[in-house]
There are 2 protein chains.
Amino acid sequence: MAQIRDVAKLAAVSPATVSRAFSDPSKLSTTTLERVLAAAEELKYKPSSLAQLFREKRTNTVLVMVPDIANVLFARVVSGIERVAVENKFNLIVSDTGDDAAIESVGVEMVETYRADGVIQLGERPLDQLHHEGEHCAIPFVQAISADPRGRYPTVGIDDRSAAAMMAEHLLACGHRRIGVLAGLKDRLVTQERLAGIRDALAARELPFDETMVAYGPYSMAGGENSAMRLLSRERNVSALFCMSDEIAIGAIRAAHDLGFNLPNDLSISGFDNIEFGKYCTPPLTTVMQPAERIGEVAMIHMCDILRGHAVTGIHEMLSTELVVRASVREVG
Amino acid sequence: MAQIRDVAKLAAVSPATVSRAFSDPSKLSTTTLERVLAAAEELKYKPSSLAQLFREKRTNTVLVMVPDIANVLFARVVSGIERVAVENKFNLIVSDTGDDAAIESVGVEMVETYRADGVIQLGERPLDQLHHEGEHCAIPFVQAISADPRGRYPTVGIDDRSAAAMMAEHLLACGHRRIGVLAGLKDRLVTQERLAGIRDALAARELPFDETMVAYGPYSMAGGENSAMRLLSRERNVSALFCMSDEIAIGAIRAAHDLGFNLPNDLSISGFDNIEFGKYCTPPLTTVMQPAERIGEVAMIHMCDILRGHAVTGIHEMLSTELVVRASVREVG
DNA sequence: ACATTCAATACAACCGGTTTCATTGCAAGC
DNA sequence: GCTTGCAATGAAACCGGTTGTATTGAATGT
C-alpha cells in the first residue's frame, strides 16, 4: 500500500503538504492540491488509520458491552447505537459479555489501553464495580436499557416502575384480581422496579399484593415456560399472568397451552418490551412498548457528547413507553 | 496514564527492557524483571494498544458485516464468531450494512486503511463487487451463512439445496401433494438453491413442480404474512406451506389463523433455520436446524487461519443440518 | 592469566502519519 | 524602493511503543 511519502515524491511536495491536502485543502494552492490529489489517486493512496489514530490518541471506536447479543431486545438497542455511530463516524466494537463482571472489566480496560474511546453498557452493573482504580482516569461511560440511575454517568432507559404500573393497571381495569407475576431474576434492579410498579397499581386501588403469586426466573422463553409451569400448577385460580418480558410471556403461553388452558379465555397473559414476535404469537401479545432502538440512539448521542468534551454526568433519561393492547389480555366478568 | 518511559525511569532501566518484561520475560534477569513489574504496578502502567498496533501494523480486529443485526439468525452467527474471536484475542467491529453494497464497500476499505485485519460477511454479495482494485491487495475475507461458494475466499454455510430437499421430502412423506412455497427474495442465491432442493425432492418422486404455487417475499415475519395471505386466498386446496425461513413461517401462521385455518389440521407449515421462537409457536414449528453459532465459529476459525498466514482459499464448508420435527406439519390422507 | 562465549541490557531506529515552526516569495502599502 | 504581511510550503519533531544491533560484564575453558 502506498504511503504518504510515495505520494509526496510523485507530486514533488513534502509529506506535510500531502497531509494537508486531505485534512485542510484550503491551505493549499489550487495547482498543488490538484497535483497531490492526482498523485494520490494514481497510487491509490489511503492514509493509514492506524497511524492517524496513534497520532491523535483517539480510536474513534466505542465499545458496546451486551449481556447477550442473540437477545432481540439488546440487538435492537445495538442497532440504534450503530445508526448514530455511523452518522458520527464512530466504529463499534461489540462484546458479548454473558453478563460476566470479569469480562466487563476487561472491556472497561480497553479504554485505558486506548482500544476504545468509551463504553456503552447494556445492563445494570455499576461502573465502580468494574473499575477499581478510582479517579485515576475517567472512563467515558453510558448505561442503557436496564440502567442503574444512581451512578454519576448518563443512563438511558425507561421508567420501569411506572411502565409496570401502567400494565398492572390495565390488567386490573380488565377485571383481573388474581394476577400471577412471572418475574425476571430476583436480584435485578429491573425486576425490583417492575415489581414496585405492580405494587403501586394495586395500592392505588387499595388491593393487597400477594408475594406467593410471584415466580422468579431468567428473562428467557425457557425461564418463562418453567416459571409458568410452577405457578400455574400451584395456583389454580389465576386469571392473568403479568410477565416481565415478552420472552417470558412467550414461554408462559407455551406452558399454558400445554396445561390445557384455552387462551385468552381461560387466562390472560401480558408481556413487556414489545419485541416483534409478540405480534405473531397466538394469541397476539398485549405488552409494553419499550423504544429499544431509540434508547440505543440516545445512549450513543450522549457518548458522542462526552467524547466531544461536553461533560454529561448526571443525566438519567427515561424514554416514554406505551401500552400495546392486543388479544392476549381479555376482560373478565 | 503512565508511559513506558515513566516505568523505565522508576525501575532505572531502558524502555526496551520494560517492553521485554511484558513481551518476553525470559529475556530478563529475575531481579530486573521484579523491579520492572513492581514499577509498572506502582504506576498502574498499561501499554498503549494504539502504539503497539501501529508498530505491528495489525489491528487485532475483524470487521463483521451483518445485513441486519436485529435478525436473530444473524445475531446467533455473530455470537459464534464472537466466541472464537475472544479465544484468539481478536476484537470484533460489527457493522449493520442493511445489505447495502456501498456500506459493504466502505467496510472492505477498512482493511486497506488498517482499521481491521479482515472481514467476515454475512450474506452472499461476492467480494469482487465490493472491491474493484483487483489484485491490488488481498483482503482477508470469509463469507458465512448465505455464502456464494463460487468465490476464491472461504465460505461457511449449509447445503441449502439438500436441506430444502430434505424438508420437502418430509412434507411429501407426510402425504402432502399440494404444497405452497413461501419463498424469500427471488434474486437471492439461497432462495434459488432452496427452490432447487424442492424441485429435487419432487423429481425424485416424479412429481411435477408448479411454479404458480410459489410466492416470493422478504425473509421476515411481515413478508411471510403477506405472501401467505396472497397464496392462501388464491390457492384454496393447499395442504402444506414450505416456508424458506422460520420468520416467514411465523408470519404465515398468523395469516393462516386470521384466515380461519385450524392449524395444523387444515394446513401444515414448515419453517427453516430453527430459531428459538419456532419451538414456542402455536403449533410448534417443524423446521430445518441450521447450526448458526457453529457457522460463526467456523467462519472465525478460518479468518484466524488466514490472518496467521495460512492461505485458505477455496474452502467451502457445508455444515450439516437436521430436520426438526414438531407439530406444525401433520400427516394427511 | 587471557581468550571466548553468552546472558543481560542499553541505544537508537522505526512504524506513518500530523503539526509546529521556520522559510520563502509575492503582493500591497507607504 | 523598501518594508510589511500573508499565503504556501518544507523540515523536523512527535505520538509510544518494539526490535535489531551494540555493549557490557561475568562465567567458562585452557
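The sequence lines fix the lettering, A, B, ..., with proteins before strands; numbering per chain opens at 1. All values reported here derive from a predicted model rather than from experimental measurement.
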**Student:** Using a 4.0 Å heavy-atom cut-off, does A:F22 contact any base of the nucleic acid, only the sugar-phosphate backbone, or nothing at all?
**Tutor:** nothing
**Student:** Identify, residue by residue, the members of residues 47-63 of chain B with a heavy atom below 4.0 Å from DNA chain D, and return them in order of residue number, or none.
**Tutor:** B:P47, B:S48, B:A51, B:Q52, B:F54, B:R55, B:E56
**Student:** Nearest whole angstrom, please: distance from the P of C:dG17 to the OH of B:Y114.
**Tutor:** 9 Å
**Student:** Check for a donor-acceptor pair, side chain of A:T97 on one end and backbone N or O of A:V66 on the other, with a separation under 3.5 Å.
**Tutor:**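 Checking the backbone N and O of A:V66 against the side chain of A:T97, a donor-acceptor pair under 3.5 Å is found.
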**Student:** Report the residue from A:I120, A:V62, A:V142 that forms a side-chain contact (heavy atoms from CB on, under 4.5 Å) with A:I81.
**Tutor:** A:I120
**Student:** Under the criterion side chain to side chain donor-acceptor pair (under 3.5 Å), which of A:E124, A:Q143, A:H316, A:Q121 is the partner of A:T155?
**Tutor:** A:H316
**Student:** Can you tell me which nucleotide in D:dT18, C:dT9, C:dA10 comes closest to the side chain of B:P15?
**Tutor:** D:dT18
**Student:** Quick one: B:R5 CZ to C:dA10 P, roughly how many Å, whole number?
**Tutor:**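 Rounded to whole Å, this separation is 14 Å.
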**Student:** I want to verify a distance call: between C:dT9, D:dG17, C:dC21, whose nearest atom is closest to the B:T17 side chain?
**Tutor:** C:dT9
**Student:** With a non-hydrogen cut-off below 4.0 angstrom, is A:A12 in contact with a base, only sugar-phosphate, or nothing?
**Tutor:** sugar-phosphate
**Student:** Determine, for B:R83 against B:E297, whether the closest basic-nitrogen to carboxylate-oxygen distance falls under 4.0 angstrom.
**Tutor:** yes
**Student:** Taking the side chain of A:S19 as its heavy atoms from C-beta onward, which of D:dG10, D:dT18, C:dT18 lies nearest to it?
**Tutor:**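 The answer is C:dT18, which lies nearest to the side chain.
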**Student:** The side chain of B:I4 lies closest to which of these nucleotides: D:dA11, D:dG17, C:dA10?
**Tutor:** D:dG17
**Student:** Need one value for B:V13: base, sugar-phosphate or nothing, where a base atom within 4.0 Å counts as base even if backbone is also close, heavy atoms only.
**Tutor:**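 If one applies the 4.0 Å heavy-atom cut-off, B:V13 turns out to touch the sugar-phosphate alone, with no base involved.
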**Student:** Hey, is A:D99 close enough to A:R188 for a salt bridge, meaning N to O under 4.0 Å?
**Tutor:** yes
**Student:** What is the nucleic acid contact for B:Y45, judged by heavy atoms within less than 4.0 Å: base, sugar-phosphate only, or nothing?
**Tutor:** sugar-phosphate
**Student:** Please report, rounded to the nearest Å, how far the C1' atom of C:dA8 is from the CZ atom of B:R20.
**Tutor:**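 Computing the B:R20:CZ to C:dA8:C1' distance gives 9 Å.
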**Student:** Listed by chain and number, what are the side chain to side chain donor-acceptor pair (under 3.5 Å) partners of B:D68, not counting sequence neighbours?
**Tutor:** none
**Student:** Could you state the atom-to-atom distance from CD of B:Q3 to P of D:dC15 in whole Å?
**Tutor:** 7 Å
**Student:** Can the ring centres of A:F54 and B:Y114 be said to be less than 6.0 Å apart?
**Tutor:**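 When the ring centroids of A:F54 and B:Y114 are compared, they turn out to be at least 6.0 Å apart.
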